[in-house]
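What follows is one structure encoded as structure tokens, with my remarks underneath.
Excluded from the calculations below are hydrogen atoms, water molecules and symmetry mates; all remaining heavy atoms, backbone and side chain alike, are included.
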Amino acid sequence: METVTFYCDISETCHDFLSETFGSVRAGAAFILNALPSLLANTWEEILTSGRLAPDVVDSLLSRARQEEQIVINFSGIDLAQIFGPKWTKQLGTLSWFDRVATTFWLAQQLGDRPIAISPDTGATSRRVGMELHKEAIQTSRLFRQTGGSTNSGASFLLNSFIHWHHVTISSLSQEVLSLCSRVLCFESCSQPQLSGRILQDRLARLGGPELPIFTLACIEISNMEKRKQKKTVQASPKLTASVGDAFRDLFPNANAGFGYVLSSFPRMYQLTLDTEIRSTFCDTELQELYRKSQEVGIDLSNPQSAGDAILLVARQSSDDMAGKVNSLSPFARLCLEVYLRTEIKDA
């Protein structure tokens with residue numbers, strides 16, 4: 001997707017948040033602004049489908065907005081109840097800050113992309129940051145406009161406000177939910193802004209986890225991001241057969257690219273497979289039985305040439321029920337089971 005170099009000013013607090021969370025102010029600013037168009041659209045869809053705003057309330061809001069000379073917003077979201085009168089307090093009081101921003105954004109779109117005025121209390125800007133933005137992100141940011149300010153003041157508002165939205169969202173979650181999401185995310189968070197929140201949403205659904213708003217999921221993903229400034233690469237020189245090297249060269253641009261892809265993705269896929277397949281199929285006693293049986297019959301679970309097949313041979317010598325369970329797993333899940341048995345069960 002084509003990007004454009006874009007500049008805006010941010011506060012010191014925002015600068016520190018981006019640096020600490022993403023490891024790069026430029027990368028963090030780009031990620032957030034590129035993620036916002038889909039997050040705003042998806043949040044508005046959630047508001048409608050979840051019934052947080054009834055259809056008649058939405059119609060009345062739009063009718064009332066058409067009568068306003070301008071709609072003003074601050075970092076806590078537009079105070080719709082105040083603007084549209086006391087009767088809206090009940091209907092709009094349950095909306096989160098970001099819900100209100102998404103509602104305001106939708107109203108602006110319905111009114112012919114009328115700019116949304118930014119309240120002057122959104123905080124001083126003192127740092128200029130450049131980034132690569134998709135055109136949709138620039139169009140979205142320019143719907144927010146500071147009176148007398150530059151055309152880039154909307155991007156400044158969105159970035160400076162995001163740290164408040166993020167803090168309030170994360171603070172509202174229990175430690176139990178945060179721990180579950182951290183485990184589900186494993187070693188990496190979403191690195192594609194347009195998919196922000198979607199990957200965690202899908203993983204939680206497969207585990208029967210809680211249903212959370214898409215913006216909440218995006219905030220959790222961002223909180224779990226490995227800081228790019230702290231990421232260190234490790235030189236790996238695995239000894240492989242010629243046929244394996246040829247296979248990597250056939251599947252990837254070059255062998256090293258293939259090694260990097262497979263090795264980098266394995267920890268996350270391994271943890272995800274444990275959660276979605278292994279632990280939902282076997283109890284602890286069965287896993288211990290599989291490990292004991294492998295030791296008893298002398299079948300090596302660490303040989304890559306028999307990865308995924310060795311555990312099936314072990315299970316067949318245990319019981320028909322055990323063999324049926326192991327056979328129901330995908331080949332990759334059987335490989336993960338072998339790794340799990342010879343590492344975590346062995347040490348238990």
### Message
Between H166 and S223, do the side chains contain a donor N or O and an acceptor N or O under 3.5 Å apart?
### Response
yes
Hey, do the aromatic rings of W44 and W106 have their centres closer than 6.0 Å?
yes
For R198, the side-chain contact (heavy atoms from CB on, under 4.5 Å) test, sequence neighbours excluded, returns N42, Q201, I214
Contacts of K325 meeting side-chain contact (heavy atoms from CB on, under 4.5 Å) (sequence neighbours excluded), chain-then-number -> T281, F282, E286, D321
### Query
Hey, would you say the H167 and F17 ring centroids sit under 6.0 Å apart?
no
Those residues at least two apart in sequence (or on a different chain) that pass ring-ring contact (aromatic ring centres under 6.0 Å, His included) with Y7 are none
Residues pairing under salt bridge (charged side-chain N to carboxylate O under 4.0 Å, His left out) where one sits in residues 153-171, two or more places apart or in two chains, turn out to be none
Residues pairing under salt bridge (charged side-chain N to carboxylate O under 4.0 Å, His left out) where one sits in residues 26-41, two or more places apart or in two chains, turn out to be R26-E132
Residues T43 and R52: closest non-hydrogen pair is O-NH2, 4.2 Å
Y270 meets the ring-ring contact (aromatic ring centres under 6.0 Å, His included) criterion, sequence neighbours left out, with F266
Residue pairs meeting side chain to side chain donor-acceptor pair (under 3.5 Å), one or both in residues 241-252, sequence neighbours left out, come to T241-S243, D246-R249
Sorted by chain and number, sequence neighbours left out, salt bridge (Lys or Arg N to Asp or Glu O under 4.0 Å) with E277 holds for none
Residues at least two apart in sequence or cross-chain that pass salt bridge (Lys or Arg N to Asp or Glu O under 4.0 Å) with R142, listed by chain then number, are none
Salt bridge (Lys or Arg N to Asp or Glu O under 4.0 Å) filter on R316, not counting sequence neighbours, yields none
Across all chains, not counting sequence neighbours, the side-chain contact (heavy atoms from CB on, under 4.5 Å) partners of Q67 are S63, R64
Residues at least two apart in sequence or cross-chain that pass salt bridge (Lys or Arg N to Asp or Glu O under 4.0 Å) with R66, listed by chain then number, are none
### Query
Are E296 and Q317 close enough that some pair of their side-chain heavy atoms sits under 4.5 Å apart?
no
Donor-acceptor side-chain pairing of D9 and S156 below 3.5 angstrom = no
